[in-house]
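We count ligands from 1, going down the list as the structure has it; atoms in each ligand are counted the same way. As a basis for the values below, the full set of heavy atoms in this structure was taken, side chains included, without hydrogen atoms, waters or symmetry mates. Sequence positions, counted from 1, serve as the residue numbers for this chain.
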Amino acid sequence: APRILSGMQPTSDSLHLGNYLGALVNWVKLQDEFDAFYFVADLHALTVPTDPEVLRHRTRVTAAQFLAGGVDPERSAVFCQSHVSEHAELGWVMNCLTGDGEARRMTQFKDKVSKGGNASVGLLTYPMLMAADILMYDAAYVPVGEDQRQHLEITRDLAERFNTRFGEGLVVPDAYIVKGSAKIMDLQDPTAKMSKTGSSPKGLIDLMEDPARIAKNIRYAVTDTEAEVRYDVEHKPGVSNLLVIHSVLSGTSVEDLESSFAGRGYGDLKKEVADVVVGALMPFQARMRELLDDPAELDRILASGADRAQVVARATMQRVRERVGLLPAA
Ligand code: TYM
């Protein structure tokens, strides 16, 4: 089967509904059809200062959330990026193929720098490590949210550049971005994406949040001054966001939801969305408790995922070393 790959950073104590609907739901679907590799991007998390104990905890939680969300470690390789040291090695090769100006033009880097503070060189070369993650596995598709589009573009550029310079050696991947759910919005500011760092606690739904808080956040979600439940991202971003959330979790199309809410108000919509979200997250949370109760089993899954990843990574690095002219070790 063709291969897919994706990763998430362990940068908070839980993933949020944007990570879940924008990425994880698709990871779970795609594992039926593809040879899937899913990893915790712990090396990427080092680009911002984090307490070591906290990072370890978040790395385990993130991996457990992949599984709680339905990733099946029997079919898909689930692993930690840092357990496959080839990622850093290929990242270096990618750094050497990237122009300094090209790296500085990446919007995520520019945003972080413009918000002040000391950006590390790691933050500058973040996209090159991400390109290495993807190209390592000859991934045909990379299921991600809309915010990763630019990173996928530079990955494609780097793969093509490598192939032009050294001869066909790397697969040029396509982003797999699902329209609608690829950008879940902040409940308090539906013109901004839901994000770990940018959203207020009321704007975000943490996957481990208690049901009463989830319902409350949805009840207070910002909508608009009309009364019609209609999908219209430009004029009704708040209502459209609620419709998307409902649609992905209930499996009902947005059009069917519009008809079922005809003549009904936003209160009804919010109540139903809250029920649907709570209904999906309660079993998720129960599985999380089981998984975190058995850290040895989780570590075993990560070790076996790393073994599978390692086999592919070793072969790719061997090919890359040979192509770029590094002398084989005796
Ligand atoms: P990260 O950890 O920020 O986000 C994980 C995934 O969640 C998606 N996402 C969203 N989708 C919809 N609506 C939102 N509001 C929302 N917020 C986040 C992201 O698009 C992503 O798919 N650079 C990556 C991690 C990474 C990676 C990779 C991904 C490292 N190497 C290789 C793919 C392939 C990141 O920071 O994602």
Compute whether any side-chain donor of one residue and acceptor of the other, for Glu86 and Gln310, lie under 3.5 angstrom apart.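 Checked: Glu86/Gln310 side chains pair up, N/O donor to acceptor below 3.5 Å.
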Do Ser12 and Lys196 have side-chain N/O donor and acceptor atoms under 3.5 Å apart? no
Give the residue, atom name and distance (to 0.1 Å) of the protein heavy atom nearest [atom].
atom: atom 17 (N) of ligand 1; answer: His16 CE1, 3.5 Å
atom: atom 11 (N) of ligand 1; answer: Gly18 O, 3.2 Å
atom: atom 25 (C) of ligand 1; answer: Gly7 O, 3.6 Å
atom: atom 36 (O) of ligand 1; answer: Tyr126 OH, 2.7 Å
atom: atom 31 (N) of ligand 1; answer: Asp133 OD2, 2.7 Å

Could an N or O of ligand 1 be found under 3.5 Å from any N or O of [X], whether backbone or side chain?
X: Asn19; answer: yes
X: Ile134; answer: no
X: Ser6; answer: no
X: Gln81; answer: no

Test: [X] and [Y] ion pair at under 4.0 Å:
X: Arg161; Y: Asp157; value: no
X: Asp299; Y: Arg60; value: yes
X: Arg319; Y: Glu322; value: no

Using a strict 4.0 Å cut-off to heavy atoms of [X], name the atoms of ligand 1 that fall inside it.
X: Phe39; result: 28 (C), 31 (N), 32 (C)
X: Val142; result: 33 (C), 34 (C)
X: Ile184; result: 12 (C), 13 (N), 14 (C), 15 (N)
X: His44; result: 30 (C), 31 (N)
X: Met194; result: 14 (C), 15 (N), 17 (N)
X: Lys196; result: 2 (O)
X: Gly22; result: 11 (N), 12 (C)

Evaluate whether atom [atom1] of [X] has more than 12 neighbouring non-hydrogen atoms of other residues, nucleotides or ligands under 6.0 angstrom away.
X: Gln318; atom1: CD; value: no
X: Asp111; atom1: CG; value: yes
X: Tyr176; atom1: OH; value: no
X: Tyr141; atom1: OH; value: no

Of the listed options ([options]), which comes nearest to [atom] when hydrogens are ignored and any heavy atom counts?
atom: atom 12 (C) of ligand 1; options: Gly145, Ala182, Gly180; result: Ala182
atom: atom 24 (C) of ligand 1; options: Met136, Gln9, Gln148; result: Gln148
atom: atom 19 (C) of ligand 1; options: Asp147, Leu15, Val144; result: Asp147

Please confirm whether Ser181 comes under 4.0 Å of ligand 1, counting heavy atoms of the residue only. yes
Under 6.0 Å between the ring centres of His151 and Tyr126?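 Yes, the ring of His151 comes within the 6.0 Å limit of the ring of Tyr126, centre to centre.
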Under 6.0 Å between ring centres: does that hold for Tyr137 and Phe37? yes
Taking it one step at a time, do Ser200 and Gln188 satisfy side chain to side chain donor-acceptor pair (under 3.5 Å)? CA-CA 8 Å; Ser200 68; Gln188 286 297 310; over 6 Å; no
Closest non-hydrogen atom pair, Arg156 against Asp174: NH1-OD1, 2.9 Å
Of the backbone atoms (N, CA, C, O) and the side-chain heavy atoms from C-beta on, which set of Met185 has a member under 4.0 Å from an atom of ligand 1: side chain, backbone, both, or neither? neither
